[in-house]
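Report on the structure given below.
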Amino acid sequence: MSAQILDGKKTSAEVKEELKPRIAYLTEQGCQPGVAVVLVGDDPASQIYVRNKERTCEKLGIYSVQHRLPATTPQEELIELVNNLNQDERIHGILVQLPLPPHIQEREVLYHISPEKDVDGFHPYNLGRLMIGDPVFLPCTPWGVQELLLRYNLSPEGKNVVIVGRSNIVGKPLAMMLVQKGRGANATVSMCHTGTRNLSTYTRMADILIAACGSPRLITPDMVKEGAVVVDVGINKVGDKTVGDVDFEGVKEVASYISPVPGGVGPMTIAMLMANTVKAAERALQRKNA
Ligand code: NAP
């Protein structure tokens, strides 16, 4: 039997719909949520992501400004822009599109974003809060994965979750979220990476298998337990096709649920980014009214 689809497009539309009254209220109060999108250079994939984010903002009534800078922009200039955006009252979220050109140290730039405007959730302050179980802004892709599972009533509680990938933006924060003692988490989590010996021994133990390794179709049916839930975070270009980290056609015959690429985690990431932006604006309004 073929797996049920974890439809990220449909689920993200629900998440965005729920944001609308909050955005309307904030706007009424003179605090329309606003984001600044910073793109350095002309990486084609980044341009697509940035355009998607801007389009979503527009549809939801979130104010957005773009800063498109040449690939040769010096690091100090980028940091100066971030500092100015930190002071700008119309801006509640600052999005610096990654990757940055090689002469710029990404960490240095991200560390300069005010934690209150860090709607990507990449600042060490926010990652630290996540780790101790008191998060403010969750990183959007991990949050999107968790939300997708919960909205399909697939709570990770008590489950064996295996994550393939340990990046700072997906694997590690997702593991931190799902291992927390609390509702919607409380899983037993394993994180695999290129140092993992015999990867399939781990993946086959997973009740929920999350692939976030950037390796096209790495996860094959023999690596998946019958009836497992499989979430594919990967976005890989193979020729002119976009594929995930999971061999979708094969794995859907073994799994009980599976997220497609495209149309799975990708749209959820953008929805959660919007949710963080709304939250940032709500926090700004609270501070103003305090
Ligand atoms: P990344 O920084 O390149 O990290 C990849 C991780 O996977 C690393 O920890 C790496 O291990 C591990 N890995 C790679 N090949 C492996 C293999 N053969 N076996 C076991 N582990 C392996 O990537 P990322 O930023 O986390 O992104 C992962 C994927 O998700 C990419 O395809 C990316 O495009 C996609 N993505 C999607 C969204 C979305 O919105 N849907 C958002 C972000 C990223 P080591 O640590 O040992 O190198």
Side-chain angles (χ1 to χ4, degrees), residues 5-9 11-12 15-16 37 43-53 55-56 95-100 102 106-107 110 119-122 127 137-149 161-178 189-206 209-220 222-224 230-239 241-248 251 258-276:
I5 300 296
L6 295 169
D7 186 341
K9 235 174 142 178
T11 310
S12 66
V15 173
K16 286 185 282 189
V37 183
D43 176 58
S46 293
Q47 289 189 352
I48 295 172
Y49 294 143
V50 163
R51 211 172 309 131
N52 281 345
K53 288 172 189 174
R55 217 175 289 148
T56 311
L95 303 173
V96 177
Q97 184 64 44
L98 303 180
L100 291 169
E106 278 179 7
R107 276 190 193 170
L110 297 181
V119 288
D120 269 327
F122 294 159
L127 290 171
F137 297 113
L138 292 167
C140 303
T141 300
W143 189 18
V145 170
Q146 187 186 38
E147 197 64 25
L148 187 61
L149 290 169
V161 173
V162 176
I163 303 171
V164 184
R166 60 172 163 191
S167 73
N168 289 330
I169 63 169
V170 189
K172 277 188 214 161
L174 182 55
M176 268 313 135
M177 284 168 64
L178 299 186
V189 182
S190 311
M191 235 188 302
C192 300
H193 42 77
T194 56
T196 302
R197 290 193 193 149
N198 208 346
L199 180 62
S200 59
T201 310
Y202 291 89
T203 59
R204 273 200 296 265
M205 287 196 306
L209 176 60
I210 301 165
C213 51
S215 185
R217 302 185 184 114
L218 177 79
I219 306 298
T220 47
D222 55 303
M223 296 169 78
V224 179
V230 179
V231 180
D232 191 350
V233 180
I235 301 177
N236 310 291
K237 273 273 170 224
V238 175
K241 276 189 85 179
T242 301
V243 302
D245 292 342
V246 175
D247 166 14
F248 181 84
V251 171
I258 188 167
S259 74
V261 177
V265 176
M268 290 303 293
T269 297
I270 296 197
M272 300 344 274
L273 185 60
M274 298 299 128
N276 271 343

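All residue numbers refer to positions in the sequence shown, counting from 1. Counting starts at 1 for both ligands and their atoms, following the listed order.
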> Any idea which of Arg166, Lys237, Met191, His193 brings a heavy atom closest to atom 46 (O) of ligand 1?
Replying inline: Arg166
> Any chance CZ of Phe122 has more than 12 other-residue heavy atoms, nucleotides or ligands included, within less than 6.0 Å?
Replying inline: yes
> Can you tell if the side chain of Gln97 reaches within under 4.5 Å of the side chain of Gln47, non-hydrogen atoms only?
Replying inline: no
>> Do Lys237 and Thr242 pair up side chain to side chain, a donor and an acceptor below 3.5 Å, judged on atom types alone?
In response: yes
>> Once rounded to the nearest 0.5 Å, what's the spacing between atom CD of Glu147 and atom OG1 of Thr11?
In response: 9.0 Å
> Of the choices Ser215, Pro99, Ser167, which has the non-hydrogen atom that lies closest to atom 1 (P) of ligand 1?
Replying inline: Ser167
>> Show me which atoms of ligand 1 lie under 4.0 Å from any heavy atom of Gly234.
In response: 29 (C), 30 (O), 32 (O), 35 (C)
>> Quick check: closest heavy atoms across Thr196 and Met191, and the distance to 0.1 Å?
In response: OG1-O, 4.5 Å
> Hey, which atoms in ligand 1 end up nearer than 4.0 Å to a heavy atom of Ile169?
Replying inline: 25 (O)
>> Show the atoms of ligand 1 that are less than 4.0 angstrom away from any heavy atom in Asn236.
In response: 32 (O)
> Of all the atoms in ligand 1, which lie at a distance below 4.0 Å from a heavy atom belonging to Gly266?
Replying inline: 40 (O), 41 (N)
>> Please list the nearest protein heavy atom to atom 44 (C) of ligand 1 with its residue and the distance rounded to 0.1 Å.
In response: Val170 CG2, 4.0 Å
>> How far is atom 16 (C) of ligand 1 from the closest protein heavy atom, and which atom is that?
In response: Thr194 CG2, 3.8 Å
>> Tell me whether the count of non-hydrogen atoms from other residues, nucleotides or ligands lying under 6.0 Å of NZ in Lys16 goes above 12.
In response: yes
>> Using every non-hydrogen atom in the two residues, find where Leu138 and Asn276 come nearest and quote the distance to one decimal.
In response: O-ND2, 2.9 Å
> How close does the nearest protein non-hydrogen atom get to atom 14 (C) of ligand 1, and which residue and atom is it?
Replying inline: Cys213 O, 3.3 Å
> Counting each atom of ligand 1 from 1 as listed, which ones have a heavy atom of Thr269 under 4.0 Å away?
Replying inline: 39 (C), 40 (O)
> Which residue holds the protein heavy atom closest to atom 30 (O) of ligand 1, what is that atom called, and what is the gap in Å?
Replying inline: Val233 O, 3.5 Å
>> Heavy-atom pairs closer than 4.0 Å: do any link ligand 1 to the side chain of Thr196, the backbone, both, or neither?
In response: neither
> Considering only heavy atoms of Leu218, which atoms of ligand 1 have at least one such atom less than 4.0 Å away?
Replying inline: 17 (C), 18 (N), 19 (N)
>> For atom 32 (O) of ligand 1, tell me which residue out of Ile270, Ile235, Ile219, Val261 has the closest non-hydrogen atom.
In response: Ile235
> Can you tell me which residue and heavy atom of the protein come closest to atom 29 (C) of ligand 1, and the distance to 0.1 Å?
Replying inline: Gly214 N, 3.5 Å
> Shortest non-hydrogen contact from Pro260 to Leu6?
Replying inline: CD-O, 3.2 Å
>> Quick check on Ala212 - does any of its heavy atoms sit under 4.0 Å from an atom of ligand 1?
In response: yes
>> Among Gly244, Ala45, Gly165, Ser259, which one puts a heavy atom closest to atom 12 (C) of ligand 1?
In response: Gly165
